[in-house]
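Remarks on the structure that follows.
Please read these numbers as outputs of a predicted model, since none were measured by experiment. Here, residue 1 is the first one in the sequence, and each next residue gets the next number. As the structure lists them, so they are numbered: ligands from 1, and atoms in each ligand from 1.
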Amino acid sequence: MITLFQFPPAFNVPNISPFCLKLETFLRLAGLEYHVQHVMDPRKGPKGKLPFIKVDGEVIADSEVIIQALQRRYALDLDAGLDARGRGWAVAITRLCDQHLAPLLVYFRWIDGPGWKQVAPVLLRGIPAPLRPLLGALVRRKIRGQLAGVGLMAHSRDELLEFAQRDLEALDGLLGDVPFFGGAQPCSADAAAYGILANLILSTLETPLNHMAREYERLVAYCERMQQRVWS
Ligand SMILES: N[C@@H](CCC(=O)N[C@@H](CS)C(=O)NCC(=O)O)C(=O)O
């Protein structure tokens, strides 16, 4: 049995972490049985981040490492129906979602004022009230450092929004008029895409990035389709 360690649901999505939601979506698409243990502190994970899993006594961290390990362990391949080009696109879409769009989501939740105002009360609710401002400032400082590390903090808010728009346009164009990024059936890229797009489109958070994503009708329909297929 697989135990999935991740944040609890919030803001109307099964997980506010695109990476946790990506992994749980993968588990469901792959038809693997699992149970969830909620964790609020990512430092509990071996790589200091969520999600991580325990399977047959082995602890594995990082959504990509976990997915590869589970595919090997259970002889699965969500991309089996794709040719070499399709498999390449699946990796490229996953990278776009994980390495670029997800850090932009983090910026508009944690660093940008309006996002932080909505996120802070939920994320810090387990902390004694007098400690919340200090802890909030420390966490934001850490996140600012992480975003600076990938080069995002050098840009203005408007430039970041423009980057996000190009990412969303790319995803919209790549999806086109087919039901899933895998075509007629979901592939590995659909786990990553749903992880982030549900957090932008179905989440009740109101940030400029959430508003922007909701303008893409095909991506909205995609999220609803994935929700029906995987989550209902
Ligand atoms: N590469 C990791 C990224 C996971 C990640 O960034 N998780 C965030 C939540 S969305 C986290 O735990 N952050 C805590 C921290 O950096 O301190 C994966 O794919 O699992």
Nearest non-hydrogen protein atom, atom 13 (N) of ligand 1: Lys49 CG, 4.0 Å

Ligand 1 contact by Phe7, heavy-atom criterion under 4.0 angstrom: yes

Main-chain N/O of Asn15 paired with Asn199 side-chain donor or acceptor, under 3.5 Å: yes

Closest protein heavy atom (residue, atom, distance) for atom 17 (O) of ligand 1: Lys142 NZ, 2.6 Å

Donor-acceptor under 3.5 Å (Asp190 side chain, Gly182 main chain): yes

Closest protein heavy atom to atom 20 (O) of ligand 1, given as residue, atom name and distance to 0.1 Å: Ser63 N, 2.8 Å

Mutual orientation of the aromatic rings belonging to Tyr194 and Trp231 [parallel < 30°, tilted 30-60°, perpendicular > 60°]: parallel

Whether Lys22 lies under 4.0 Å from ligand 1, heavy atom: no

Ligand-residue contact atoms, ligand 1 with Pro51, heavy atoms, under 4.0 Å: 20 (O)

salt_bridge(Arg43, Asp41) N-O dist < 4.0 Å: yes

Residue and atom name of the nearest protein heavy atom (relative to atom 10 (S) of ligand 1), distance in Å to one decimal: Ser17 OG, 3.1 Å

Residues Asp79, Arg87; criterion salt bridge (Lys or Arg N to Asp or Glu O under 4.0 Å); working and verdict: CA-CA 6 Å; Asp79 298 339; Arg87 294 170 83 87; 5.6 Å; no

Heavy atom of the protein closest to atom 1 (N) of ligand 1 (residue, atom name, distance): Asp62 OD2, 2.8 Å

Ring geometry between Phe5 and Phe52 (parallel below 30°, tilted from 30 to 60°, perpendicular above 60°): parallel

Ligand-side contact atoms (ligand 1) for residue partner Pro42, heavy atom cut-off under 4.0 Å: 12 (O), 14 (C)

Side-chain H-bond candidate by donor/acceptor type, Arg28 with Tyr34, under 3.5 Å: yes

Nearest neighbour in protein (non-hydrogen) for atom 12 (O) of ligand 1: Leu50 N, 2.8 Å

